[in-house]
Amino acid sequence: MLYWSITLIFTFVGAFLGWITLTHCWNKLDKVIVNVLPTLRMGTYMPGEYRYLDLKFSLVRHAFVFLVTASLIYAVKSRIALYVFVLGNGFYSISTLTRYWKRRDILEQLKNESEESRSLANLLGDPYRASRVVVVYSILSGLLALFLYGVRP
């Protein structure tokens, strides 16, 4: 019972809280930035779809992968398969972190180019900071998968 309580609470409550946090971050943006953000971010791999739907659905995707991984950890008895599932979830979580670092490098590169690029980097900084919500959820899901592996019945 504890196993599924932890799994379901983290999946649904965690994703809901992340969704609310991203909505709050979006609502804090200046309305001018909201209107031009989809155009400004083109070609930069930065988040910023309208209402942060790209980040929100990434959060939902990570919650779904965590739920599937937790279900597999619970159901599968093969140690090798369990290692594969837990490591796969870990790599999936780390991929979010590497994407975050790549976006940071893009912003740093833009800041070092020209005054216009520096302004663009400042405008894209808010969506970059908002993507931390997904990164934190993803890393926590990887760590929690390890924990669930340890306490599985």
Can you find a pair of side-chain heavy atoms, one from [X] and one from [Y], that are under 4.5 Å apart?
X: Y149; Y: Y74; result: no
X: T23; Y: K56; result: yes
X: V151; Y: L2; result: no
X: L37; Y: P127; result: yes
X: T96; Y: I139; result: no
X: L55; Y: V133; result: no

Please say yes or no: joined through hydrophobic side-chain contacts below 4.5 Å, possibly via intermediate residues, are [X] and [Y] part of one cluster?
X: V68; Y: L144; value: yes
X: W101; Y: L140; value: yes
X: V86; Y: V84; value: no
X: V136; Y: F16; value: no
X: F91; Y: V76; value: no

Distance, nearest 0.5 Å, that separates [atom1] of [X] from [atom2] of [Y]:
X: S95; Y: H62; atom1: OG; atom2: NE2; result: 5.5 Å
X: K111; Y: I106; atom1: NZ; atom2: CD1; result: 13.0 Å
X: T69; Y: Y92; atom1: OG1; atom2: OH; result: 9.5 Å
X: L123; Y: M46; atom1: CG; atom2: CE; result: 11.0 Å
X: L22; Y: L59; atom1: CG; atom2: CG; result: 6.5 Å
X: I6; Y: M1; atom1: CD1; atom2: CE; result: 11.5 Å

| Test log, rule side chain to side chain contact (heavy atoms under 4.5 Å, CB included), inputs L124 and L110 | CA-CA 10 Å; L124 294 175; L110 284 173; 4.2 Å; yes

For the residue pair [X] and [Y], what are the closest heavy atoms and their distance?
X: Y137; Y: A15; answer: CE1-N, 3.6 Å
X: P47; Y: R41; answer: O-CD, 3.6 Å
X: D54; Y: G48; answer: OD2-N, 2.9 Å

| task | Answer yes or no: does atom CD of E108 have more than 12 heavy-atom neighbours from other residues, nucleotides or ligands under 6.0 Å? | result | yes

| remark: Joining Ile, Leu, Val, Met, Phe, Trp and Tyr whenever any side-chain heavy atoms lie under 4.5 Å apart, the cluster holding F12 also takes in L8, L67

| message | So if I apply the ring-ring contact (aromatic ring centres under 6.0 Å, His included) rule between F10 and each of F66, W4, Y3, which one comes out positive? | response | F66

| query | Would W19 and F57 satisfy side chain to side chain contact (heavy atoms under 4.5 Å, CB included), going step by step from the backbone distance to the final call? | reply | CA-CA 9 Å; W19 188 286; F57 284 111; 4.2 Å; yes

| task | Give a yes or no answer on whether the side chain of N89 reaches the backbone of G142 with a donor-acceptor pair at less than 3.5 Å. | result | no

| Row check, Y100 ring normal vs R104 NZ/CZ: under 6.0 Å, within 45° | no

| request: Sequence neighbours left out, what passes salt bridge (charged side-chain N to carboxylate O under 4.0 Å, His left out) with R129? Give chain and number order. | output: D126

